[in-house]
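Just so we're clear, the structure is a prediction, and the values are computed from it rather than from any experiment. Note: hydrogens, waters and symmetry copies are ignored here, and every other heavy atom, side chains too, is used. Chain letters run A, B, ... following the sequence lines, proteins first, then strands; residues in each count from 1.
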There are 2 protein chains.
Amino acid sequence: MSDTSYAYAQVREAISQQIAEQKLTGNLPSERELCATYDVARSTLRQALGQLEHMGLIYRKNRSGWYVCPRKLKYDPMQHTSFLQYTTAQGFQPSTKLVEQKKQKPCKEIANALELDGRTSLTSILRVRSVDGRAVVVEELNFSNKHLPNIDKHDLSLSISVLLKNTYHHHNVLYDIAVESCCLFNPIAQYLNTYDGALGLKVTRIVRDLEGTAFEFDREYWRHDALMIENKAKLHF
Amino acid sequence: MSDTSYAYAQVREAISQQIAEQKLTGNLPSERELCATYDVARSTLRQALGQLEHMGLIYRKNRSGWYVCPRKLKYDPMQHTSFLQYTTAQGFQPSTKLVEQKKQKPCKEIANALELDGRTSLTSILRVRSVDGRAVVVEELNFSNKHLPNIDKHDLSLSISVLLKNTYHHHNVLYDIAVESCCLFNPIAQYLNTYDGALGLKVTRIVRDLEGTAFEFDREYWRHDALMIENKAKLHF
DNA sequence: GCGCATATTTGGTATGTACCAAATGGTGGC
DNA sequence: GCCACCATTTGGTACATACCAAATATGCGC
């Protein structure tokens with residue numbers, strides 16, 4: 001049991017319990033109503049709501065109110081199953097929207113990771129992926145034109161993995177993945193219908209061929225409350 | 001570049017830049033001083049500090065002040081390298097403190113994961129691990145007495161992996177790991193010298209033998225700003 | 001019914017104030 | 001030189017208030 005010696009903690013526990021007992025579903029009462037209910041100032045209430053948000057129990061949509069979180073999506077970044085595949089397998093309705101595609105020079109971090117000099121061009125796409133109509137992740141994919149000739153000539157709104165397999169014959173690849181918590185700022189926060197400074201999880205992925213040459217660098221910005229990273233493996237001591 | 005149309009965002013960016021340029025190291029000026037510097041109210045300043053905290057740039061120690069974060073520890077939960085090993089390899093000074101050891105009945109979640117009924121006993125230890133004198137993770141390890149007979153008779157302040165290998169001959173195991181963001185509450189928050197409701201990363205691990213029988217269930221509560229999860233793997237499409 | 005302008009509600013931002021408890025720094029006694 | 005005590009500083013909690021902008025509900029004209 002958590003500490004309940006403070007007003008915000010009491011409000012937090014009260015709402016938390018209401019959610020656990022499913023007495024609260026869908027959207028919560030307005031902040032001003034909740035203030036009256038628990039007899040606290042709005043800043044105190046918002047502190048409680050903020051913690052429930054960090055716990056992944058509730059979230060805010062635009063400026064319209066607070067809602068109880070749907071269940072989390074389970075995601076194994078080491079598996080090469082597609083977004084479509086693992087979301088539907090878990091009973092979600094996925095959708096993807098390509099926001100932007102451009103050819104550009106790499107930033108310092110990408111140039112370093114892909115061992116490119118600053119002049120080499122990069123094909124980048126930005127897409128927003130949703131489950132059940134809720135935007136959960138913004139993906140930024142960067143492909144090295146040097147290692148994937150003419151990749152910018154293809155339709156990148158289709159499956160990238162199929163393209164890599166069929167056109168570039170990358171059947172076996174090395175994955176190099178990092179996960180860390182982060183802060184979501186505009187414009188990424190806006191794509192995720194959340195606010196400037198919201199909490200997120202950042203997944204960084206470097207994809208290499210079997211010789212170890214990196215040809216792709218991805219950044220995924222997830223809603224922190226939408227995601228559970230899962231890994232399964234066999235190990236020997 | 002992030003949105004800077006609001007006061008808190010301007011303060012955030014200003015301090016963020018100071019840190020990036022290493023003009024700020026060690027501890028920050030007091031909140032009241034910073035309020036005067038940037039001419040904002042304390043609550044506005046604290047909003048900015050909170051976001052910098054979420055970004056992993058600064059952290060608070062007890063009630064004594066704000067400090068610039070040290071670099072993150074890289075950790076691959078799928079590797080079976082010990083805490084001692086991977087921390088020293090990254091140039092940190094690790095230490096571990098065993099807080100508690102007890103024999104108890106499993107909670108619902110553990111009973112379910114380890115396929116135990118409510119009567120079977122469980123040997124649990126709680127330990128706090130630090131790098132460079134900073135507590136970074138609270139580990140709760142739970143061992144099934146049924147599958148690891150007399151485990152509570154051993155000294156569990158020593159290396160657990162050595163014990164599993166030499167005494168119980170578990171040379172090959174299956175790992176089942178989940179990572180998600182969470183909120184740290186007392187008393188765990190206190191072990192990590194942080195505050196009730198602080199942001200964290202939760203790593204859950206189920207360990208099985210090669211037949212798939214689970215004998216260990218662990219929960220790790222990490223400071224969100226101390227950790228970067230890393231995974232490397234070879235995949236084929 | 002439908003579309004559009006308007007009023008209301010809602011969360012987001014911001015200020016100021018007050019008090020508390022823990023941590024820290026200093027001071028004096030031994 | 002060490003320790004106990006005290007004053008000060010610091011962040012943590014909590015309140016009340018005000019205004020803004022976006023989202024939503026309302027109602028009118030057609």
Side-chain angles (χ1 to χ4, degrees), chain A residues 2-15 26-54 58-68 183-187 189-199, chain B residues 2-13 15 26-54 58-68 133 183-187 189-199:
Chain A
S2 306
D3 200 334
T4 51
S5 36
Y6 298 111
Y8 71 83
Q10 286 174 20
V11 175
R12 181 189 71 209
E13 293 304 311
I15 298 178
N27 70 318
L28 274 67
S30 76
E31 293 186 0
R32 285 160 178 92
E33 271 183 71
L34 290 169
C35 288
T37 305
Y38 297 105
D39 193 30
V40 290
R42 197 161 150 229
S43 54
T44 305
L45 176 85
R46 281 174 64 83
Q47 190 176 356
L49 292 178
Q51 293 193 354
L52 291 165
E53 184 186 31
H54 290 344
I58 60 174
Y59 71 102
R60 20 188 156 176
K61 204 166 75 182
N62 302 324
R63 287 162 183 259
S64 79
W66 292 88
Y67 297 79
V68 175
C183 230
L184 305 170
F185 297 116
N186 292 338
Q190 289 168 335
Y191 287 129
L192 295 173
N193 292 315
T194 187
Y195 59 99
D196 184 57
L199 198 55
Chain B
S2 307
D3 202 332
T4 52
S5 37
Y6 299 112
Y8 71 84
Q10 286 175 19
V11 175
R12 181 189 73 207
E13 293 304 311
I15 298 178
N27 70 319
L28 274 66
S30 76
E31 292 186 359
R32 285 160 177 91
E33 269 183 73
L34 290 169
C35 288
T37 304
Y38 296 106
D39 193 30
V40 290
R42 198 162 147 228
S43 53
T44 304
L45 177 85
R46 280 172 66 82
Q47 191 175 357
L49 293 177
Q51 293 194 354
L52 290 164
E53 184 186 30
H54 291 344
I58 61 174
Y59 71 102
R60 19 190 157 177
K61 202 166 77 183
N62 302 323
R63 286 163 184 258
S64 79
W66 292 88
Y67 297 79
V68 175
C183 230
L184 305 170
F185 298 117
N186 292 336
Q190 288 168 335
Y191 287 129
L192 294 174
N193 292 315
T194 187
Y195 59 98
D196 183 60
L199 198 55

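Expressed to the nearest 0.5 Å, how far CD1 of A/I58 lies from CZ of A/R12 amounts to 12.0 Å. Note that CD of B/E53 is 4.5 Å distant from CH2 of B/W66, once rounded to the nearest 0.5 Å. The structure places CG of B/L199 at 10.5 Å from CD of A/Q51, a figure rounded to the nearest 0.5 Å. Atom CZ of A/F185 and atom CD of A/Q190 lie 13.0 Å apart (nearest 0.5 Å).
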Grab the N/O contacts between the protein and nucleotides 5-8 of chain D below 3.5 Å, and write none if there aren't any.
none

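Contact annotation: A/Y8 does not reach the phosphate of D/dA14 (side-chain N/O to OP1 or OP2, under 4.0 Å). An OP1 or OP2 oxygen of D/dC15 is reached within less than 4.0 angstrom by a side-chain nitrogen or oxygen of A/T44. Look at A/R60 and you'll find a side-chain N or O under 4.0 angstrom from OP1 or OP2 of C/dG12.
Partners of A/Y59 by ring pair (Phe, Tyr, Trp, His ring centres under 6.0 Å), not counting sequence neighbours, listed by chain and number: A/Y67. Contacts of B/E33 classified as side chain to side chain contact (heavy atoms under 4.5 Å, CB included), with partners at least two apart in sequence or in another chain: B/P29, B/S30. Residues that satisfy the side chain to side chain contact (heavy atoms under 4.5 Å, CB included) test with A/A41, not counting sequence neighbours, are A/S43, A/T44. In terms of the side chain to side chain contact (heavy atoms under 4.5 Å, CB included) criterion, residue partners of A/R46 (sequence neighbours excluded) are, by chain and number, A/E31, A/R42, A/R60.
When atom types are taken as modelled, the side chain of B/D196 and the backbone of B/N186 share a donor-acceptor pair closer than 3.5 angstrom.
Across the helix from C/dG1-D/dC30 to C/dC30-D/dG1, the helix axis at one end is tilted relative to the axis at the other end by 10° (nearest 10 degrees, each axis from five pairs).
Note: CZ (B/R12) to P (C/dA14) measures 11 Å, nearest angstrom. In this structure, A/E33 atom CD and C/dT9 atom C1' are separated by 11 Å, rounded to whole Å. The interatomic distance linking A/N27 (CG) with C/dT9 (P) rounds to 16 Å, in whole Å. With rounding to whole Å, B/N186 atom CG is found 12 Å from C/dA22 atom P. Residue A/E53 contributes atom CD, which lies 13 Å from atom P of C/dG11 at whole-angstrom precision. One atom, CG of B/D196, and another, P of D/dT13, lie 7 Å apart when rounded to the nearest Å. For the pair B/E31 CD and C/dA23 C1', the computed distance is 14 Å after rounding to whole Å. In this structure, B/W66 atom CH2 and D/dG11 atom P are separated by 9 Å, rounded to whole Å.
Listed nucleotides: C/dT10, D/dG11, D/dA14. Nearest to the side chain of A/A7: D/dA14. Side-chain atoms of B/Q47 lie closest to C/dT13 of the nucleotides C/dT13, C/dT10, D/dA14.
Checking each of A/V11, A/I15, A/V68 against A/L52 for a side chain to side chain contact (heavy atoms under 4.5 Å, CB included) leaves exactly one that passes, namely A/I15.
Minimum heavy-atom separation, B/G197 to B/C183: O-SG, 3.4 Å.
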Protein-to-nucleotide contact annotation, 5' to 3' order, nucleotides 17-23 of chain D [B base; S sugar-phosphate only; - none; under 4.0 Å, heavy atom]: -BB-BSS
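Contact annotation for B/Y195: no contact, since no heavy-atom pair falls under 4.0 Å across all strands.
Residue order along DNA chain D, read from the 5' end via each residue's closest nucleotide, puts B/R46 first among A/V40 and B/R46.
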